[in-house]
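Heads up: the structure comes next, in structure tokens.
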Amino acid sequence: MAVVDADRVLTYWSPGAVRLLGCRPHEVVGRSAADLLAVDLPKAALRSIGRQQEWRGRGALRHQDGHTVEVGFHASPALGMRHAWAGLGCRGRRAQPSRGSDGRPEGNGI
């Protein structure tokens, strides 16, 4: 779990977030949450966040080593904290590499 403030800055980074993306709290807390996005959030997500409404959807984050992690987002206003959000990127899995006709990963293997 992560907590993001009204300026979209990360203010909390859980042990689960460390496992998911490989970043330690001191590496991400205080940075823009957008720095972790592999692709932009959908417009529906931005509208919900702007209206202080709960939002669930799919997205992709960037792991510390550079690979993409597909995630299910659940963003909801944090209780007792005006303009703060909890539960971003709560579940994820590593994106699978493209495979050739022989079933082996394509590319240079990195």
Side-chain angles (χ1 to χ4, degrees):
M1 178 176 75
V3 175
V4 178
D5 70 12
D7 296 319
R8 299 182 183 154
V9 172
L10 289 154
T11 60
Y12 174 75
W13 194 250
S14 74
V18 172
R19 288 188 298 276
L20 182 65
L21 296 182
C23 302
R24 299 241 173 244
H26 71 274
E27 297 170 317
V28 295
V29 170
R31 288 181 42 197
S32 171
D35 292 347
L36 299 174
L37 294 173
V39 296
D40 291 339
L41 287 176
K43 290 180 182 177
L46 298 175
R47 279 193 302 272
S48 292
I49 290 168
R51 295 176 183 152
Q52 292 283 294
Q53 297 172 336
E54 185 172 328
W55 177 77
R56 293 174 190 251
R58 304 284 312 156
L61 299 173
R62 182 78 50 213
H63 190 278
Q64 185 179 40
D65 69 11
H67 74 267
T68 299
V69 179
E70 297 173 4
V71 296
F73 287 108
H74 177 196
S76 60
L79 295 175
M81 297 175 65
R82 183 166 162 71
H83 302 298
W85 295 86
L88 298 174
C90 56
R91 296 181 183 263
R93 67 180 176 85
R94 185 177 182 140
Q96 297 298 312
S98 300
R99 298 196 176 268
S101 60
D102 61 359
R104 296 177 60 184
E106 293 181 332
N108 61 9
I110 294 178

Please report the shortest heavy-atom distance between [X] and [Y], naming the atom on each side.
| X | Y | answer |
| --- | --- | --- |
| Ser32 | Leu10 | O-CD1, 4.4 Å |
| Pro25 | Val18 | CD-CG2, 3.9 Å |
| Leu46 | Arg8 | CD2-NH2, 4.1 Å |
| Met1 | Ala17 | O-CB, 3.9 Å |
| Trp55 | Ser48 | CB-CB, 3.8 Å |

Enter the distance from [X]:[atom1] to [Y]:[atom2] here, rounded to the nearest 0.5 Å.
| X | Y | atom1 | atom2 | answer |
| --- | --- | --- | --- | --- |
| Arg62 | Thr68 | CZ | OG1 | 3.5 Å |
| Arg47 | Leu41 | CZ | CG | 12.0 Å |
| Arg56 | Phe73 | CZ | CZ | 13.5 Å |

Test log, rule side-chain contact (heavy atoms from CB on, under 4.5 Å), inputs Leu61 and Leu37: CA-CA 4 Å; Leu61 299 173; Leu37 294 173; 3.7 Å; yes
Compare all side-chain heavy atoms of Leu21 with those of Glu27 and state whether any distance is below 4.5 angstrom.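 Sidechains of Glu27 and Leu21: no contact.
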Are more than 12 heavy atoms, taken from residues, nucleotides or ligands other than Arg24, located less than 6.0 Å from that residue's CZ atom?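 No, CZ of Arg24 has 12 or fewer neighbouring heavy atoms, counting only those of other groups under 6.0 Å.
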With a sphere of 6.0 Å drawn around CG of Asp35, does it hold more than 12 non-hydrogen atoms of other residues, nucleotides or ligands?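 Yes, because the 6.0 Å sphere around CG of Asp35 holds more than 12 heavy atoms from other groups.
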Does Val3 share a hydrophobic cluster with Val9, counting links as ILVMFWY side-chain heavy atoms below 4.5 Å and allowing steps through other members?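 Unlinked, Val3 and Val9 end up in two clusters.
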